[in-house]
Amino acid sequence: MSVTINDNYLLLQDSYLFVDIARRLENFQNENPDKNVIKMGIGDVTKPLSKTVIKAFKDAVDEMSDFNSFRGYGPEQGYSFLVEAIIKNDFKPSGINIDTDEVFISDGAKCDTGNIQEIFGLDNKVCVTDPIYPVYVDTNVMAGRGGSITNNGTYSSIVYMSCTQENNFIPELPKEPVDLIYLCFPNNPTGTTLNKDQLSKFVEFAKENNSIILFDAAYESFIRENDVPHSIYEIDGAKEVAIEFRSFSKTAGFTGTRCAYTIVPKELYGLSSNGEKISVNELWNRRQTTKFNGVSYPVQKAAEATFSIEGKKEIKENIDYYMENAKIIRNSLSNLGLNIYGGVNSPYIWVKTPNNMKSWDFFDLLLNEANIVGTAGSGFGLSGEGYLRLTAFNTLENTKEAMDRMSKIKL
Ligand code: MLT
């Protein structure tokens with residue numbers, strides 16, 4: 001007798017996209033130790049945590065050193081000080097009512113968007129945009145909702161909504177009923193957005209088809225244009241059909257510190273196999289209290305500080321800094337004659353490869369000739385072929401240097 005494995009894992013690509021990119025970079029650096037590579041691949045921030053956030057973080061660490069203020073396990077769903085700050089700052093101003101027991105603090109939107117599928121049946125039809133943040137697909141494949149791998153590398157049971165320059169990166173509604181619809185806007189990887197009307201169509205579709213939308217809003221703080229919703233709950237009735245994921249990672253530089261949250265409305269129901277209506281909120285609560293012990297107290301205090309007057313100001317300055325980089329990238333690449341998308345309401349710029357190059361060929365060209373790391377668009381799915389993603393999260397100096405280097409290579 002031998003232990004058997006979860007065969008679904010054998011249907012996954014060999015490695016996770018960003019692990020693959022890190023390996024390619026490491027190989028390049030081993031072969032070219034003298035080259036100064038500029039990283040514009042994974043969407044990781046470069047600016048440190050802001051002053052106010054650090055102070056709250058440190059003060060909370062001090063509290064942990066004192067017998068009287070020390071804290072052990074916290075609530076699995078997060079401390080009420082943070083939950084209340086989230087509701088007051090992220091939703092109330094747009095007239096969205098969220099109850100405290102609809103907010104679940106976690107250690108990341110990646111974990112939450114990956115874990116959420118666990119509470120839904122394996123027979124649900126999953127629908128994703130293409131290109132897509134790989135976590136949504138991979139976690140469903142791990143669970144057994146992928147079906148088989150087709151010749152072009154897609155999964156037979158997953159419904160893909162292609163987003164390319166031909167449709168302005170606006171996904172068309174699925175042509176068949178689907179159950180779980182993953183949407184990420186502002187989009188990772190394309191950096192494009194949906195306006196209120198476009199998002200409303202998905203909410204209507206979900207209502208008509210009894211689907212649930214899993215809305216990843218991790219990049220909402222980069223939105224600059226008025227007609228772009230920050231939350232899916234800005235759309236009437238969306239609380240009946242949508243779960244929303246938010247993160248402090250890109251907003252406030254918490255990629256290494258880890259804090260995020262998920263809104264699971266109490267209006268949401270799914271059916272059990274015997275047809276009983278089951279609260280999705282209660283199931284997620286059951287899942288979290290069993291599998292998760294909450295985010296550490298100092299991290300939650302640091303996250304709370306992002307909502308203070310000073311904290312908000314500092315965070316806005318950091319976001320403005322990255323958005324200035326995005327503008328520089330957009331302008332420089334347009335001047336080079338490249339077709340570029342995103343970067344207006346998002347830290348990601350989606351570049352059409354020149355001369356119809358394959359994504360990975362363009363990735364190699366940039367790495368070898370300009371010592372810049374991007375992310376090959378095809379790593380995000382079939383419709384990402386022929387594109388490459390750059391992030392605006394590097395420093396201003398490196399961003400300018402990268403653009404200068406790109407202007408000197410033959411495209
Ligand atoms: C990305 O580069 O797509 C993101 O950094 C990935 C993530 O947030 O997990």
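Indexing begins at 1, ligand by ligand and atom by atom, following the structure's order.
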Worksheet entry | Neighbouring residues of ligand 1, heavy-atom cut-off under 4.0 Å | F18, I42, G43, K110, Y133, N188, Y219, K250, Y348, R389

Worksheet entry | Which residues share a ring-ring contact (aromatic ring centres under 6.0 Å, His included) with Y219, sequence neighbours left out | Y348

Worksheet item: Is D59 salt-bridged to K301, cutoff N-O under 4.0 Å?
Response: no

Discussion item. Would you say NZ of K55 has more than 12 non-hydrogen atoms from neighbouring residues, nucleotides or ligands within 6.0 angstrom?
Written reply: no

Worksheet item: When the ring planes of F248 and F254 are compared, do they come out parallel, tilted or perpendicular, using 30° and 60° as the limits?
Response: tilted

Worksheet item: Which residues satisfy the ring-ring contact (aromatic ring centres under 6.0 Å, His included) test with F363, sequence neighbours excluded?
Response: W360

Practice prompt. Could I get the full list of ring-ring contact (aromatic ring centres under 6.0 Å, His included) partners for Y322, not counting sequence neighbours?
Written response: F393

